Each structure stands twice: as C-alpha cells, then as structure tokens.
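Taking it in order: structure first as structure tokens, then the write-up.
On a predicted model such as this, the values are computed, not experimentally measured, just so you know.
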Amino acid sequence: MSDSRDSSRDHAISVEAISSERIDSGDNVWTRRLVLFLRIMAVVSVAKGLYHWAQVTGFVGGEEEAFENQSLAWQASTVYFAVIELVAAVGLWLATPWGAVVWLITVVSMTVIELMFPAIYGGSLAVVVAEAVMLAAYLALAWMAARERPP
C-alpha cells in the first residue's frame, strides 16, 4: 500500500514540476539579451566562415580572384578565418565561455589584419568599425548580465 502511495506521490510531484508555470520575474533580462546577441553573432560567424570557405573553394570571385592566384598571406588568412569563424559560431550558439573567447580572437584578428596588414584584405576601416561596434556591444551586454547576478 505504501509503495503505491509513494509512486503516486512521485508521479504527482513530477507532473506538477513539469506542468507548473514558471513565474518570469525578469531578473535575468540582461542575460537573455546577451544570449540573444551571442546567437545573432553565431549566425553572422557562420555566414563569414562560409564566405571564406567559398573563397577557398572558388564559389565566389572570378578567374583572376581565384584562391591560387592570391598571395600566400591572403591564402593563409582566408583559411584561418574559414576555420575559426565556424568554430566560434558553434561556441557562440551554445553560449559557452570558450565560444566567446574564440569569437573575440576572430574580432581582434580581423581588426589587426585590417589595420596592420592592409595589403592582405585592403585595410577597410568599415570592417574595423563594425568589429569594434560588435565588441563594444558584447562587452556592454556581458557587463550588464554580470551585474544582475548576485555575488
């Protein structure tokens, strides 16, 4: 008799836990915004990584812009970004700390290449500004998310 009562109580507790509605107090607003931002950056990273792979495989560009006709520095940079952008995208989508670190490495790498080595990709200031805006947005969201958690 006690076994059936215990099992029915366990069943009731588990059903109640599943069916009970959560009270959304809005305590983690900044954390949710940070995760949304990370997911958006994951999609952007996938697009950038696939674009770099398209350059490597020859799906974009003409005959004169083919991968094998580019400089060794351009080829190495393109392969580097083709791999690291997709790795960062996985980590960002999962909202893992290593994903954010790999993404930050890609942002800093692209900025350094554009500023310090303009011969590789052309030294576009628009790319540098876009990377800086994304970095600033991430830092602001991460800071606000950290503030809403108790010490």
Side-chain angles (χ1 to χ4, degrees), residues 10 13-151:
D10 289 342
I13 290 173
S14 65
V15 170
E16 180 182 321
I18 292 172
S19 64
S20 67
E21 291 187 27
R22 286 187 172 172
I23 299 172
D24 191 14
S25 62
D27 290 340
N28 296 324
V29 172
W30 289 106
T31 301
R32 286 195 309 272
R33 289 177 182 166
L34 176 61
V35 170
L36 177 64
F37 177 79
L38 292 176
R39 298 257 166 103
I40 292 169
M41 288 298 99
V43 172
V44 170
S45 289
V46 165
K48 287 169 58 178
L50 291 177
Y51 176 74
H52 287 294
W53 276 116
Q55 288 179 314
V56 170
T57 58
F59 282 111
V60 295
E63 184 67 34
E64 64 280 348
E65 298 167 352
F67 181 78
E68 60 271 0
N69 295 336
Q70 300 297 328
S71 69
L72 185 59
W74 187 92
Q75 291 176 350
S77 299
T78 302
V79 170
Y80 167 78
F81 284 113
V83 173
I84 199 165
E85 288 284 358
L86 296 178
V87 172
V90 171
L92 287 171
W93 188 264
L94 297 174
T96 61
W98 64 264
V101 170
V102 174
W103 177 73
L104 289 172
I105 290 170
T106 65
V107 168
V108 171
S109 299
M110 184 58 81
T111 303
V112 167
I113 285 178
E114 291 290 349
L115 289 177
M116 303 293 191
F117 304 102
I120 295 176
Y121 287 136
S124 173
L125 287 179
V127 172
V128 173
V129 169
E131 299 285 347
V133 167
M134 290 186 297
L135 178 61
Y138 169 74
L139 292 175
L141 287 168
W143 183 61
M144 294 303 286
R147 288 185 60 204
E148 74 183 2
R149 288 187 215 112

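- The nearest pair of heavy atoms linking Ala89 to Val46 is CB-CG2, 3.4 Å.
- Residues satisfying the ring pair (Phe, Tyr, Trp, His ring centres under 6.0 Å) criterion with Tyr138, sequence neighbours excluded, are Trp103.
- Nearest heavy-atom pair across Ala82 and Trp53 is O-NE1, 3.1 Å.
- The side-chain hydrogen bond (donor to acceptor under 3.5 Å, both in side chains) check on Glu114 picks up nothing, with sequence neighbours excluded.
- Heavy-atom neighbours of Glu63 CD from other residues, nucleotides or ligands within 6.0 Å: at or below the threshold of 12.
- For Trp98, the CH2 atom sits in a packed shell: over 12 heavy atoms of surrounding residues, nucleotides or ligands are nearer than 6.0 Å.
- For Thr31, the side-chain hydrogen bond (donor to acceptor under 3.5 Å, both in side chains) criterion is met by Glu148, not counting sequence neighbours.
- Looking at every heavy atom in both residues, Gln70 comes nearest to Glu64 through NE2-O, 4.1 Å.
- Distance check: Met41 CE to Leu36 CG gives 10.0 Å after rounding to the nearest 0.5 Å.
- By the 4.5 Å heavy-atom criterion applied to side chains, Phe67 and Thr57 are not counted as neighbours.
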Test side-chain contact (heavy atoms from CB on, under 4.5 Å) on Gln55 and Trp74 and set out the steps. CA-CA 11 Å; Gln55 288 179 314; Trp74 187 92; 3.8 Å; yes
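- The structure places OG1 of Thr111 at 10.5 Å from CE of Met116, a figure rounded to the nearest 0.5 Å.
- Between Leu34 and Ala145, the shortest heavy-atom distance links the atoms CD2-CB, 4.0 Å.
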Would Ser45 and Leu92 count as a side-chain contact (heavy atoms from CB on, under 4.5 Å) here? Give the steps. CA-CA 9 Å; Ser45 289; Leu92 287 171; 3.9 Å; yes
I'd like to know whether Lys48 forms a side-chain contact (heavy atoms from CB on, under 4.5 Å) with Val44, so could you lay out the CA-CA distance, the side-chain angles of the two residues, the decisive distance to 0.1 Å, and finally the verdict. CA-CA 6 Å; Lys48 287 169 58 178; Val44 170; 3.9 Å; yes
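- Residues Gln75 and Glu68 come closest through the heavy atom pair NE2-CA, 3.5 Å.
- Between the CD atom in Glu85 and the OG1 atom in Thr106 there is a gap of 4.5 Å [rounded to 0.5 Å].
- Between the side chains of Ser77 and Tyr121, no donor-acceptor pair of N or O atoms lies under 3.5 Å.
- With a 4.5 Å cut-off on side-chain heavy atoms, Phe81 and Met110 count as touching.
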